[in-house]
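Here the structure is laid out as structure tokens; the discussion comes afterwards.
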Amino acid sequence: LPDRERTGPVFRTVQKAVFTRHQLRMVYRRRSRTAVQSVVEPHGLIAAGRSWYLCASHDGDIRFTRLSRIEEAEVLTEECPDDSGFDMTAAWQKQREEFLERFEAITATAWVRDERWSDVQEWTLRATTTDADDEPPEDDGWTCLQLEFMDHLHATTVLLRLGPDARVIAPVSLRQDLVRYLERTLERYQDDSA
């Protein structure tokens with residue numbers, strides 16, 4: 001669980017608002033980096049990956065806000081309406097499904113060095129072992145994996161981060177895109193060193 005985010009004053013304040021069922025005033029950063037102030041009715045906290053999210057209502061809409069984006073938090077005296085019929089797990093699942101629908105998923109088959117297993121689990125949507133027709137890059141320490149990504153950009157980003165610790169088998173188009181990207185990068189640096 002993302003314990004690091006549980007140590008700060010924002011986490012404790014948000015947690016208090018959830019437990020006491022009081023409204024919460026918060027200042028948070030949007031993805032555009034602009035700061036926004038909002039008063040919300042908190043329902044609960046959800047741990048996902050290495051982050052915590054606040055599930056709260058604002059003007060009748062359910063929103064999930066990553067705790068690391070909240071810069072200030074204050075518990076207000078106003079109590080929240082009864083939410084005993086609210087299913088936070090279902091709301092989170094719906095949010096996740098709507099988010100993933102915006103992307104064109106891609107699945108890749110790749111040999112990955114065993115020591116990178118924790119990275120693969122963290123960075124992909126799902127990773128499962130699979131059989132391969134070809135041999136691993138080296139004799140020991142490699143596993144053939146089926147890797148699921150949100151889209152082509154997600155796949156490219158993760159596979160580049162894995163660097164020489166991964167070798168894509170399929171789809172061939174993804175492997176070719178990675179090779180072209182690396183060739184262009186190498187050309188760029190060779191031009192600079194001349």
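The first residue in the sequence is number 1, and the count goes up from there.
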Inset, instruction - Let me see the working for Val36 and Val27 under side-chain contact (heavy atoms from CB on, under 4.5 Å), right down to the final yes or no. - result: CA-CA 5 Å; Val36 177; Val27 175; over 6 Å; no

Legend entry - With Glu74, the salt bridge (Lys or Arg N to Asp or Glu O under 4.0 Å) member among Lys16, Arg12, Arg25: Arg25

Legend entry - Atom pair CZ/CG of Arg167 and Leu162 - distance to nearest 0.5 Å: 14.5 Å

Legend entry - Phe86 atom CZ, neighbour heavy-atom count above 12 within 6.0 Å: yes

Inset, instruction - Indicate yes or no for a side-chain donor-acceptor contact from His22 to the backbone of Thr20 under 3.5 Å, with no hydrogens or angles considered. - result: yes

Legend entry - Pi-cation contact, Trp52 with Arg66 (under 6.0 Å, within 45°): no

Inset, instruction - Please report the C-alpha distance between Leu145 and Thr130 in whole Å, then the side-chain angles of each, then the deciding distance to 0.1 Å, and finally whether the side-chain contact (heavy atoms from CB on, under 4.5 Å) criterion is met. - result: CA-CA 5 Å; Leu145 300 173; Thr130 188; 5.7 Å; no

Legend entry - Test side chain to side chain contact (heavy atoms under 4.5 Å, CB included) applied to Thr124 and Val158, Leu159, Thr107, the passing residue: Val158

Legend entry - Distance in Å, Arg69 CZ paired with Arg30 CZ, rounded so as to fall on 0.5 Å steps: 11.0 Å

Legend entry - Distance (rounded to the nearest 0.5 Å) between Tyr28 OH and Ile70 CD1: 9.5 Å

Inset, instruction - Indicate yes or no for a side-chain donor-acceptor contact from Arg29 to the backbone of Ser68 under 3.5 Å, with no hydrogens or angles considered. - result: yes

Inset, instruction - Considering non-hydrogen atoms only, spot the tightest contact between Leu54 and Leu45 and give its length. - result: CA-CD2, 4.0 Å

Inset, instruction - Give the cluster check for Leu76 versus Val14: same hydrophobic cluster or not, with ILVMFWY residues linked at side-chain heavy-atom distances below 4.5 Å. - result: no

Legend entry - Side chains of His154 and Asp151 in contact at under 4.5 Å (non-hydrogen atoms): yes

Legend entry - Over 12 non-hydrogen atoms of neighbours within 6.0 angstrom of CG in Asp134: yes

Inset, instruction - Would you mind reporting whether Thr128 and Glu148 have side-chain heavy atoms less than 4.5 Å apart? - result: no

Inset, instruction - List in chain and number order the residues that pass side-chain contact (heavy atoms from CB on, under 4.5 Å) with Asp59, two or more places apart in sequence or in another chain; answer none if no residue qualifies. - result: none

Inset, instruction - For Leu178 and Val168, work out which heavy atoms get closest and say how close. - result: CD1-CG2, 3.7 Å

Legend entry - Centroid-centroid distance, Trp123 to Phe149, less than 6.0 Å: no

Legend entry - Residue among Arg63, His43, Gln23 satisfying side chain to side chain donor-acceptor pair (under 3.5 Å) with Ser57: His43

Inset, instruction - Quick one: closest heavy-atom pair of Pro42 and Asp83, and the distance? - result: O-OD2, 4.4 Å

Legend entry - Glu115 atom CD, over 12 foreign heavy atoms within 6.0 Å: yes

Legend entry - Interatomic spacing from CZ in Arg180 to CZ in Arg175 - rounded to 0.5 Å: 11.5 Å

Legend entry - 4.5 Å side-chain heavy-atom contact, Val40 and Met26: yes

Inset, instruction - Answer yes or no: does atom CG of Asp140 have more than 12 heavy-atom neighbours from other residues, nucleotides or ligands under 6.0 Å? - result: no

Inset, instruction - Over all heavy atoms of both residues, which pair between Ala127 and Trp117 is shortest? Give the atoms and the distance, please. - result: O-CH2, 3.7 Å

Inset, instruction - Check Ile62 against Phe64 and note the closest heavy-atom contact, atom names and distance. - result: CG2-CE1, 4.1 Å

Inset, instruction - With the side chain counted from C-beta on, respond yes when Leu24 and Val39 share a heavy-atom pair under 4.5 Å apart, and no when they do not. - result: no

Legend entry - For the student: nearest non-hydrogen atoms of Gly44 and Val18, plus distance: CA-CG1, 3.8 Å

Inset, instruction - Please report the C-alpha distance between Arg113 and Glu138 in whole Å, then the side-chain angles of each, then the deciding distance to 0.1 Å, and finally whether the side-chain contact (heavy atoms from CB on, under 4.5 Å) criterion is met. - result: CA-CA 9 Å; Arg113 194 182 295 274; Glu138 296 163 9; 3.5 Å; yes

Legend entry - Derivation of the side-chain contact (heavy atoms from CB on, under 4.5 Å) call for Leu147 and Ile106: CA-CA 8 Å; Leu147 305 173; Ile106 183 172; over 6 Å; no

Legend entry - Atom pair NE2 (His58) and CD (Glu41), whose distance is rounded to the nearest 0.5 Å: 10.0 Å

Inset, instruction - Would you indicate whether the side-chain heavy atoms of Leu67 and Tyr53 approach each other to under 4.5 Å? - result: no

Inset, instruction - For Arg21 and Pro81, indicate whether the former's side chain and the latter's backbone hold a donor-acceptor pair under 3.5 Å. - result: yes

Inset, instruction - Would you indicate whether the side-chain heavy atoms of Met88 and Trp92 approach each other to under 4.5 Å? - result: no

Inset, instruction - Check whether any side-chain heavy atom of Val112 lies under 4.5 Å from a side-chain heavy atom of Asp165, and answer yes or no. - result: no

Inset, instruction - Would you mind reporting whether Thr156 and Leu174 have side-chain heavy atoms less than 4.5 Å apart? - result: yes

